[in-house]
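These numbers come from the heavy atoms of this one structure, side chains and all, not from hydrogens, waters or symmetry mates.
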Amino acid sequence: MTHDDFTSQAAADFLDRFGRAADGVWSAPGRVNLIGEHTDYNEGFVLPFAIDRRTWAAVGLRDDNTARVTSTFSEDEVEVELAQVSPEILDGWSAYPLGIAWALGENGIDLAGQAGFDVHISSDVPVGAGLSSSAAIECAVAIALDERWQLELDRPTLARVGQLAENKAVGAPTGIMDQSASLLGRRDSAVFLDCRSLRSEIVDLGFQAAGLEIVIIDTKVSHSHATGGYAARRASCEAGAAALGVESLRDVGVADLDRAREVMDDETFRRVRHVVTENARVLATVRALRESGPLAIGEILDASHVSMRDDFEISVPELDLAVVAAREAGAIGARMTGGGFGGAAIALTPSHLVAEVTSQVAAAFAEAGYTAPEIFTVKPSDGAKREL
Ligand code: ADP
Ligand code: MG
């Protein structure tokens with residue numbers, strides 16, 4: 001299906017489910033993080049881009065205070081009174097869209113005085129692949145409600161609303177990167193975000209002119225941000241910052257690492273070293289893109305993967321194999337992307353070698369006895385927008 005087909009299908013499904021026409025259809029993209037992993041909650045730097053996989057939200061206001069959500073993703077129809085919406089009553093997938101309404105309330109919007117709404121969601125962002133289907137659903141609903149409720153919030157504010165929904169309504173302790181990429185992304189460009197000041201700059205990627213593509217290798221190994229490893233990594237980063245007497249690891253430079261090694265245990269030190277060197281790699285990537293173009297960033301992507309594998313220990317054997325096999329097949333740089341413990345790897349690949357990378361990675365997985373990965377390319381695309 002083309003994206004125009006998704007838009008008209010979303011409108012048709014809304015009509016079907018709710019028995020009236022939607023006010024409009026809004027969409028927001030998933031994202032790939034080119035580089036800068038687990039740096040966002042350390043107030044560091046990230047460089048994601050919005051991708052050409054999106055989530056659509058067909059929305060219609062109601063004349064009462066009820067909110068109803070449906071999705072192609074699930075049979076449920078979930079209904080709440082807006083005046084009553086709170087993290088305690090939200091769970092499952094509907095916590096993402098309804099959490100946005102709650103988070104807008106936390107942002108000073110009087111929910112009891114707002115018109116209710118019906119939302120129907122559809123998506124071509126793979127779920128749980130590390131491409132942030134969660135931010136896509138949040139941001140599509142956020143821009144729809146912002147427009148229909150005439151809130152006129154700016155996009156950095158809507159990104160914070162999305163993050164609040166994910167942190168408190170869903171309960172996943174994630175940073176601001178995903179929502180920022182989904183809301184601020186631009187075609188052929190990445191979003192260079194300083195997660196401390198929340199200032200962002202658009203950086204030209206120039207993939208097409210350089211004859212490069214981003215290949216995604218979805219390992220199908222499932223990850224869950226709401227549990228285990230992610231929270232443990234955040235705790236290690238906080239412990240490392242506390243041991244160094246700084247507010248966050250953003251305040252630690254590569255030159256401080258020798259001192260860091262002396263004031264914390266080895267595991268905490270390696271977690272800190274990943275974050276500190278990853279911040280430096282994001283800055284190096286932005287500089288290389290601006291000064292030399294995308295052919296110059298391959299080695300930096302490779303180094304990022306090694307750091308996540310050995311220091312931050314968030315890779316899995318499937319991701320490591322994806323990276324090695326893609327490089328052997330001709331990718332100029334490759335790394336796991338997203339929160340880790342599964343999900344996807346990216347491989348920056350010359351266009352004429354995409355088929356080769358695809359078949360060699362698939363063959364390597366088959367030989368290792370792993371579940372077949374899903375392999376596809378993504379293009380840096382525009383952020384959230386109204387479609388209809
Ligand atoms: P990721 O963001 O990497 O895809 P997450 O675990 O953060 O993975 O978010 C995935 C969750 O988001 C799903 O389990 C589901 O609850 C929700 N979600 C994503 N897309 C949709 C959709 N189209 N309809 C309903 N819920 C969705
Ligand atoms: Mg997510």
Side-chain angles (χ1 to χ4, degrees), residues 30-51 129-132 135 174-178 180-182 184-186 188-196 199-207 210 212-217 233 237 249-250 253-254 271-312 314-315 319-320 322-323 326-327 331-340 343-349 377-380:
R31 63 96 189 94
V32 158
N33 192 19
L34 186 59
I35 194 159
E37 222 65 79
H38 288 260
T39 47
D40 60 352
Y41 55 80
N42 289 298
E43 301 192 341
F45 304 106
V46 292
L47 191 65
F49 61 86
I51 58 175
L131 300 179
S132 209
T174 53
I176 189 88
M177 166 171 69
D178 299 355
S180 300
S182 185
L184 300 172
R186 269 299 166 77
D188 301 325
S189 307
V191 179
F192 172 38
L193 179 69
D194 177 337
C195 299
R196 171 167 275 173
R199 275 174 36 102
S200 64
E201 286 172 56
I202 295 296
V203 179
D204 245 7
L205 287 169
F207 289 160
L212 293 171
E213 306 235 23
I214 289 280
V215 177
I216 305 285
I217 302 149
R233 295 307 181 281
C237 292
L249 294 180
R250 161 65 175 274
V254 173
R271 305 298 189 247
V272 168
R273 182 166 60 186
H274 164 71
V275 173
V276 170
T277 58
E278 186 78 352
N279 275 329
R281 282 186 289 270
V282 176
L283 298 178
T285 302
V286 170
R287 203 175 318 119
L289 284 167
R290 285 178 171 155
E291 288 170 7
S292 323
L295 289 162
I297 70 171
E299 280 173 29
I300 314 175
L301 300 183
D302 290 343
S304 172
H305 185 77
V306 169
S307 179
M308 288 187 285
R309 185 190 65 198
D310 298 344
D311 273 355
F312 219 57
I314 54 172
S315 191
L319 286 167
D320 295 337
V323 163
R327 289 285 277 113
I332 67 164
R335 60 184 284 277
M336 55 150 285
T337 183
I346 59 174
L348 185 60
T349 305
T377 59
V378 291
K379 289 196 182 357

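Judged as a ring-ring contact (aromatic ring centres under 6.0 Å, His included), and not counting sequence neighbours, the contacts of His274 are Phe312. For Ala210, the side chain to side chain contact (heavy atoms under 4.5 Å, CB included) test picks out Leu212, Pro294, Leu295, with sequence neighbours left out. Remark: Arg186 pairs with no residue by the salt bridge (charged side-chain N to carboxylate O under 4.0 Å, His left out) rule, at least two apart or across chains. Partners of Ser132 by side chain to side chain donor-acceptor pair (under 3.5 Å), not counting sequence neighbours, listed by chain and number: Asp178. By the salt bridge (charged side-chain N to carboxylate O under 4.0 Å, His left out) test, Asp311 pairs with Arg273, sequence neighbours left out. Applying the ring-ring contact (aromatic ring centres under 6.0 Å, His included) rule to Phe192 yields the partners Phe45; only residues at least two apart in sequence or on another chain are considered. Residues satisfying the side chain to side chain donor-acceptor pair (under 3.5 Å) test with Arg309, not counting sequence neighbours, are none. Scanning for salt bridge (charged side-chain N to carboxylate O under 4.0 Å, His left out) contacts around Asp204 gives an empty result, with sequence neighbours left out. With sequence neighbours left out, Arg250 forms a side chain to side chain donor-acceptor pair (under 3.5 Å) with Asp194. The side chain to side chain contact (heavy atoms under 4.5 Å, CB included) test applied to Val323 returns His305, Ala334, Ala345, not counting sequence neighbours.
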Where do Asn279 and Leu283 land on the side-chain contact (heavy atoms from CB on, under 4.5 Å) test, with the steps shown first?
CA-CA 7 Å; Asn279 275 329; Leu283 298 178; 5.8 Å; no

Test side-chain contact (heavy atoms from CB on, under 4.5 Å) on Val32 and Leu131; report intermediate values, then the result.
CA-CA 6 Å; Val32 158; Leu131 300 179; 3.5 Å; yes

What verdict does the side-chain contact (heavy atoms from CB on, under 4.5 Å) test give for Thr377 and Ile214, after you've listed the backbone C-alpha separation in whole Å, the side-chain angles of each residue and the deciding distance to 0.1 Å?
CA-CA 6 Å; Thr377 59; Ile214 289 280; over 6 Å; no

Take Leu205 and Asp188 through the test side-chain contact (heavy atoms from CB on, under 4.5 Å) and record every step on the way to the result.
CA-CA 6 Å; Leu205 287 169; Asp188 301 325; 5.8 Å; no

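Closest non-hydrogen pair, Ala347 versus Ile217, comes out as CB-CD1, 4.5 Å. Taking both residues in full, the closest heavy atoms of Pro380 and Phe49 are given as CA-CD1, 3.5 Å, listed atom of the first, atom of the second, then distance. Listed here is the closest heavy atom pair of Ile300 and Ala296: CD1-O, 4.3 Å. Heavy-atom minimum distance, Leu319 versus Gly343: CD2-O, 3.7 Å. The shortest heavy-atom contact between Val191 and Ala181 is CG2-CA, 4.4 Å. In terms of heavy atoms, Gly339 sits closest to His38 at O-NE2, 2.8 Å.
Looking at Thr337, its side chain does come within 3.5 Å of a backbone N or O of Asn33 through a donor-acceptor pair. When atom types are taken as modelled, the side chain of Glu278 and the backbone of Gly36 share a donor-acceptor pair closer than 3.5 angstrom. Between the side chain of Thr285 and the backbone N or O of Arg281, at least one donor-acceptor pair lies under 3.5 Å.
Separation of atoms CD1 (Ile35) and CG (Leu47) is listed at 8.0 Å; rounding is to 0.5 Å. Annotation: the span from Ile202 atom CD1 to Ser189 atom OG amounts to 6.0 Å, rounded to 0.5 Å. Annotation: the span from Leu249 atom CG to Arg271 atom CZ amounts to 12.5 Å, rounded to 0.5 Å.
In this structure the side chain of Thr39 never reaches within 4.5 angstrom of the side chain of Cys195, judged on heavy atoms.
Here salt bridge (Lys or Arg N to Asp or Glu O under 4.0 Å) pairs that include residues 33-45, with residues two or more places apart or in two chains, are Glu37-Arg335, Glu43-Arg196. Screening residues 284-303 for salt bridge (Lys or Arg N to Asp or Glu O under 4.0 Å) gives Glu201-Arg290, Asp302-Arg327 as the qualifying pairs, with residues at least two apart or on separate chains.
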